[in-house]
Peer 1: 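Okay, handing you the structure first.
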Amino acid sequence: MANQIRLVEAVRQALDEEMARDESVVVYGEDVGVNGGVFRATQDLIEEYPEQVYDTPLAEAAILGLGVGLSAAGFRPVPEIQFASFAYQGFHQLVQHASRMRSRTRGTLGVPMTVRTPYGGGIRALELHSESYEAGFAHVPGLKTVVPANPADAKGLLTAAIRDPDPVMFLEPTSRYRASRESVPEGEHVVPLGEAEVVREGEEVTVVAWGAMVAEALDAVESGDADAEVIDLRTVSPMDSEAILDSVRKTGRCVVVHEAPRTGGLAAEIVARINDDALYYLEAPVERVTGYDVPFPLFAREEAYRPDADRIRRGIERALSA
Amino acid sequence: MANQIRLVEAVRQALDEEMARDESVVVYGEDVGVNGGVFRATQDLIEEYPEQVYDTPLAEAAILGLGVGLSAAGFRPVPEIQFASFAYQGFHQLVQHASRMRSRTRGTLGVPMTVRTPYGGGIRALELHSESYEAGFAHVPGLKTVVPANPADAKGLLTAAIRDPDPVMFLEPTSRYRASRESVPEGEHVVPLGEAEVVREGEEVTVVAWGAMVAEALDAVESGDADAEVIDLRTVSPMDSEAILDSVRKTGRCVVVHEAPRTGGLAAEIVARINDDALYYLEAPVERVTGYDVPFPLFAREEAYRPDADRIRRGIERALSA
Amino acid sequence: MVREQVAEFSVEYVQALDEEGNLDEAQAPEVDDEDLLELYRLMRLSRRTDERAVALQRRGESGTYAPGIGQEAAQVGSAFALGDDEWMVPSFRESAAYLTRGAPVHRLLWYAMGMEEGAEVADRNTPPSIPVGSQALHAAGLGWGQAIRGEDAATLTYFGDGATSQGDVYEAMNVAGVLDAHTVFCCQNNQWAISVPRERQSRSETLAQKAVAAGIDGIQVDGNDVLGVLGVARDALESAREGNPVMVEALTYRQSMHTTSDDPRVYRTEEEEGDWDARDPIVRFERYLREEGVLDDDRMAEIADDIEALLSDEIDRAREGREQVEPAEMFDYVFAETPPELRRQRETFEREEGEKGETAPASAEGGLRGEREAGGAEIPESVEQSAGEAAEERGDEADDEEVGDRG
Amino acid sequence: MVREQVAEFSVEYVQALDEEGNLDEAQAPEVDDEDLLELYRLMRLSRRTDERAVALQRRGESGTYAPGIGQEAAQVGSAFALGDDEWMVPSFRESAAYLTRGAPVHRLLWYAMGMEEGAEVADRNTPPSIPVGSQALHAAGLGWGQAIRGEDAATLTYFGDGATSQGDVYEAMNVAGVLDAHTVFCCQNNQWAISVPRERQSRSETLAQKAVAAGIDGIQVDGNDVLGVLGVARDALESAREGNPVMVEALTYRQSMHTTSDDPRVYRTEEEEGDWDARDPIVRFERYLREEGVLDDDRMAEIADDIEALLSDEIDRAREGREQVEPAEMFDYVFAETPPELRRQRETFEREEGEKGETAPASAEGGLRGEREAGGAEIPESVEQSAGEAAEERGDEADDEEVGDRG
Ligand SMILES: Cc1ncc(C[n+]2csc(CCOP(=O)(O)OP(=O)(O)O)c2C)c(N)n1
Ligand SMILES: Cc1ncc(C[n+]2csc(CCOP(=O)(O)OP(=O)(O)O)c2C)c(N)n1
Ligand SMILES: [Mg+2]
Ligand SMILES: [Mg+2]
């Protein structure tokens, strides 16, 4: 059985089912209770699970730090950070504690926390509501970082993240929340973390993307001439290198797409992994189609900043013509 | 005229001379006043410049946030974060404000703040006193990130950073603070930001490093057989790509070294820039000799974690034998 | 010896103008008639600016907007107390404070239209600060700078009740105390942080008592009483100028939605809203001014007309500015001097925009904007939109004048 | 109406045992002789553990260590009040609290020796927390969990006077209040945060009044009075178990250096140190116990001997453990299940360590350790070393028994 639902509803469904399944799952954060979340991802959950859903004060360091304590107390915390840029307020709790706890205690204390947070641009949001810092999270050992691109994966990956014994940053692309209704399995649906998906097969060039950029990449491919293979990375850390390498060994060409600024973005890591293990298969430099090295602008300049199908198509053309 | 001094003394000299030169330069932070800093980088400065040196409460978000306000008030703040890992406590102030202020105000308000902070491993320090997060800083648009490797550069780069109209993370490698006495120009000495230095010329392979890894790289080269060119990146962001590319175009082989974890580290960015502009010159995959993707361990396992001359030498060998 | 009280604190509440508009002379600040009228005009202007800005958002002309309707006394009264050579450090709901400080309406609208042009710094007002509470530290830094230089000047910062839960706000008040910063921390307790009511932010009886932790003075004032606020702010600034920072809690109410994306009906009652409407800061002040003979029907009509004319001009100006946005400028202010890689990115951007123009039908304005129009601009989703869907639907239908009275 | 007091707060100070060792029965908790002796033994054990740990650092056998000398009453008294099924969330100077909670000495030493083995979680004590104040939030989370489950149990966390400047500590107390967390926040105000004196952390008269901002109870206790601390901690825990978090400020003194890298002579006077030596928590308690007849010379000697024997065993055990450190284990606990790339890195590491063994003379233990020894281990620099150079120089000369009385 499957339902036609939107990404934000798939998120809600995963939370619903996981809270029903395991009463140690606790959802909390700013406005997630009575208000049901500013994107409605937690709508009505507080009525269904009054012991498992909580509105908290406006304090992200607290929200993340509480999760470490709740974990020690035997809970599975699923905090929401209202927008990804505000995770910085509690970044120290992620880096110094949540991500290190298992390692520093030699496995005697884990932090099975899933930090859900809307991320990325494309909805003409307020300042600091559109940033993409997945590369910064991916560079923190002990932290997993997941970005769903479609409703079914949102449900399946979130379910996997909640069940995962380690901390997961679960970045939900805001521009996809209501972009389309798609088929999502009803009932238990788990998409394992750490596995990319080939969303379109092709022979001439590999396009790697995640989150909102997957749809742009598919658009670019549909509207272009190349026989491109499109990979949705899904878990950006730990990264499914093999999926990328297998494809690049086949196509010999690669375009990596992300919204985050170019320098130090994850496209660089992907280029480096191809360099490590598939350099000799490359027929052209890997193309990086990314945000620019500028602060994410206010929305009047947002479209100019964000990669879109057009820019990706040009990237593909460059990769093919080199 | 030049003095034989250690890196930590060179830092102090730059602070001293810049405060003398410009009374809007204000040095502040935890224990930087009466105590002269936990590494003595600010020793006696409070007596010399009682209006320009301040001990603050123990609060890094405050320390960084104050700098934004001081900047608006016309000061050049030079806060110290006692150890780089505690910059996370104020990471939001860096990302949301200091780095974006010029951009978001269209140049009408700049933040000429230089954040000095000891960083990196190698001194058997306490937990969370040894991390290297330069890649995370470099991925923040609007922020410059500088890492001196020797006393003369420490003075020259810090001077340039303090005079720079934009925010700079100035990461001082703790293991080099007292590692050697070297010649440092007396009086005004400015090393421009954004320029790498070739510290050893060679023809067969390019080794790129910064901070404490420069000495390790030189050791590796001295003790090996390859005719290696060693580049000290100095400013890791904005990066002097041309210096790297020129060298790689000559040698055709490259090894990048850093202490930070491998995934998402700046070695990846360097590989990507070589991919972008010098791929066809490569005769072998670029080698990354880096920390592992594990939280920086407590010091009993620190040596196992950190790249050293040995590991770099093996990296060079791999680059040459591929 | 063995169990003794070692410290005592208290919080005072001040009100000058009561809910019926009666003045308590003892608490009233000295204000001449001209200033009284100016305070009134600013409050009216602020309210109309908010209403128009909400309407513009409803028509898709601008982005998410956070109206300060109901908070005019708290903002105008406090900002009015600041000298021109002093600093104002706002949060994101301070249109009224900006206007009091002389900022033109079109600048506020530009910010709402997603343009950095609206965040340029002028006249010692820092730009809007989106991360809740973070700006309090900037105000502490500014106030510290004023202390270091021994200036007879102070800095006033705004934040909300929700913001008091942030470590930044506590740290700011605490360091300000230690560093003798010339800072006044003005908390507009408008009872809500989006959907979270004041009492779920903190167990504390008052927010003013947050000052106790920092060892600085804290005081509560009726935030819907512009004269009470003005008096308290003047005293607080005077204290701050001498190196004694103060926290002021202005008790007020966010009469409207959190932002244009929010629907307050989900989380609060009409009854509560009604109670606070009755305490509206403008109505109360109007009563007083009429009673005093400072205001009459003619004067009110004149002020209203002037405001409408001003707003109409300013909105035109904002629209014109919006048409001139050059996307490529996003590269130009990242650093004082643009480094090579960024220059290269700018060049690539311009080249690609050029190429785009060749394949897509170009509009008169060319570039990105051209393409967007050519592509048939869909009404953009707005942030936090889900919670505000209902509101938006209403909004899309409403015209310029209908919207803005109740979110 | 117009200017009125709307809230009042006060902070109380409690002392049971005065500086001469006289007991105020009214403030004394109920403790039987066995527990009195155990409190005494734990304080003595803690002091000796700190002294030995400092000595080990001086000999290069371990790393930076933060002794709690002078703070034994504050820690032992409070930790003693906790039940076994309750949680203790320490900062980085809580040897005495760990020992009170039954942690073996060798575990503390392992941590000081740079081994994760010393940070394993057992018996509901979280590992040391280095980032100042950050652990307070974990305690709020644990206490919240206890509230959610309706447990008759609480969590006690430690932090210093310096930590009260951190937003985390404020946020922790504030959310604990809102969430009815079962948490006691125990601030050991030892007067110094490295070189920064208490009065430069905050303008507040007391630290206990930080609780006022969170709307929770705050109380001051003589932190060098183990019975006063025990009584106050018991009351605080009782309150916390009912959902009313409490902040306790224990007034004490860091008699020794901040850490083994620090030299307090740079920033404080011998006079001040002398004043506090006179208020030593162990001396005071000893006087009382002798007066009461619970302790005599024989008993004291016996306790001292037992402690020396225990420490000698534990130090041996710590040294043995240190010899067994497997560097490759750093890969094994990053995630519950090691992902492919990390497995690959581990394999590379092991291969390279193997190769190393081939070129460098291998020791009996092989691997890295072998090489390090072969290379002639230099005395490692210790962190924050510069400020402590003088101290270190002395330290390097001093032998095991001479060090540790005065930093
Ligand atoms: C650090 C941070 N967290 C979350 C948000 C999202 N957010 C914007 S306003 C707001 C509520 C603010 O409440 P309050 O401080 O009372 O100010 P008010 O909106 O009432 O003016 C929230 C949660 C944000 N902007 N910044
Ligand atoms: C977030 C953070 N900032 C800075 C430091 C460096 N540091 C370690 S202990 C300390 C002083 C702590 O003072 P206090 O809280 O009074 O505790 P005490 O050392 O007196 O026990 C500092 C600044 C740190 N460990 N963590
Ligand atoms: Mg509010
Ligand atoms: Mg202290």
Peer 1: Given heavy-atom pairs under 4.5 angstrom as the criterion, report whether the side chain, backbone, both or neither of B:Arg100 touches chain C.
Peer 2: neither
Peer 1: Select one option (side chain, backbone, both, neither) describing which atoms of C:Tyr111 are under 4.5 Å from chain B's heavy atoms.
Peer 2: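 Answer is side chain: those atoms of C:Tyr111 sit under 4.5 Å from chain B.
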Peer 1: I need the residue from B:Gln93, B:Gln96, B:Met239, B:Arg106 with the largest number of non-hydrogen atom pairs under 4.5 Å to chain C.
Peer 2: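 Going by pairs under 4.5 Å, I would pick B:Arg106.
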Peer 1: Give the ring-plane orientation class for B:Trp210 versus B:His258, where under 30° counts as parallel, over 60° as perpendicular and anything between as tilted.
Peer 2: tilted
Peer 1: Tell me which of these, B:Glu51, B:Glu242, B:His92, has more heavy-atom pairs under 4.5 Å with chain C than the rest.
Peer 2: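 Ranked by heavy-atom pairs under 4.5 Å with chain C, first place is B:His92.
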Peer 1: Who wins among C:Pro131, C:Gly143, C:Pro340 for the most heavy-atom pairs under 4.5 Å with chain B?
Peer 2: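 Among C:Pro131, C:Gly143, C:Pro340, the one with the most close pairs to chain B is C:Pro131.
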Peer 1: Where on C:Ala139 is there a heavy atom nearer than 4.5 Å to chain B: the side chain, the backbone, both, or neither?
Peer 2: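 It is neither, since no heavy atom gets under 4.5 Å.
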Peer 1: Return the minimal non-hydrogen interatomic distance between B:Thr145 and B:Ala138, and the atom names on each side.
Peer 2: OG1-N, 4.1 Å
Peer 1: Please name the pair of heavy atoms, one in C:Arg346 and one in C:Ala328, separated by the smallest distance, quoted to 0.1 Å.
Peer 2: NH2-O, 3.5 Å
Peer 1: Take atom CZ in C:Arg344; do more than 12 heavy atoms of anything else shown fall under 6.0 Å from it?
Peer 2: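 It does not: C:Arg344 CZ has 12 such atoms or fewer within range.
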Peer 1: Here's a test for you: under side chain to side chain contact (heavy atoms under 4.5 Å, CB included), which of B:Thr114, B:Val190, B:Val168 qualifies with B:Arg163?
Peer 2: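 Exactly one option meets the side chain to side chain contact (heavy atoms under 4.5 Å, CB included) with B:Arg163, and it is B:Val190.
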Peer 1: Quick one: what part of B:Ile63 sits under 4.5 Å from any heavy atom of chain C, side chain, backbone, both or neither?
Peer 2: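 For B:Ile63, neither part sits under 4.5 Å from chain C.
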Peer 1: Checking heavy atoms, do the side chain of C:Val178, its backbone, both or neither come under 4.5 Å from chain B?
Peer 2: side chain
Peer 1: With respect to chain C, which residue among B:Pro165, B:Ser71, B:Ala72 yields the maximal number of heavy-atom pairs within a distance under 4.5 Å?
Peer 2: B:Ala72
Peer 1: Please classify the contact between C:Ala336 and chain B as side chain, backbone, both or neither, with a heavy-atom cut-off of under 4.5 Å.
Peer 2: both
Peer 1: So, B:Glu18 and B:Arg21, do they make that salt bridge, N to O below 4.0 Å?
Peer 2: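 Counted as a salt bridge, because a side-chain N and a carboxylate O are separated by less than 4.0 Å.
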Peer 1: Any idea which of B:Ala59, B:Pro57, B:Gly69 has the most non-hydrogen atom pairs under 4.5 angstrom with chain C?
Peer 2: B:Gly69
Peer 1: Test the B:Arg102-C:Tyr333 pair against the cation-pi criterion, namely NZ or CZ under 6.0 angstrom from the six-membered ring centroid and within 45° of the ring axis.
Peer 2: no
Peer 1: Given a strict heavy-atom distance threshold of 4.5 Å, which part of C:Gln146 is in contact with chain B: side chain, backbone, both, or neither?
Peer 2: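 Neither part, no heavy atoms under 4.5 Å.
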Peer 1: Within a 6.0 Å radius of atom CD on C:Glu350, are there more than 12 heavy atoms belonging to other residues, nucleotides or ligands?
Peer 2: yes
Peer 1: Do C:Glu341 and B:Pro238 come close enough that some side-chain heavy atom pair is under 4.5 Å?
Peer 2: no
Peer 1: Is it the side chain or the backbone of B:Met101 that comes within 4.5 Å of chain C heavy atoms, both, or neither?
Peer 2: side chain
Peer 1: Counting only non-hydrogen atoms closer than 4.5 Å, does C:Pro339 touch chain B with its backbone (N, CA, C, O), its side chain (CB onward), both, or neither?
Peer 2: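 The side chain, not the backbone.
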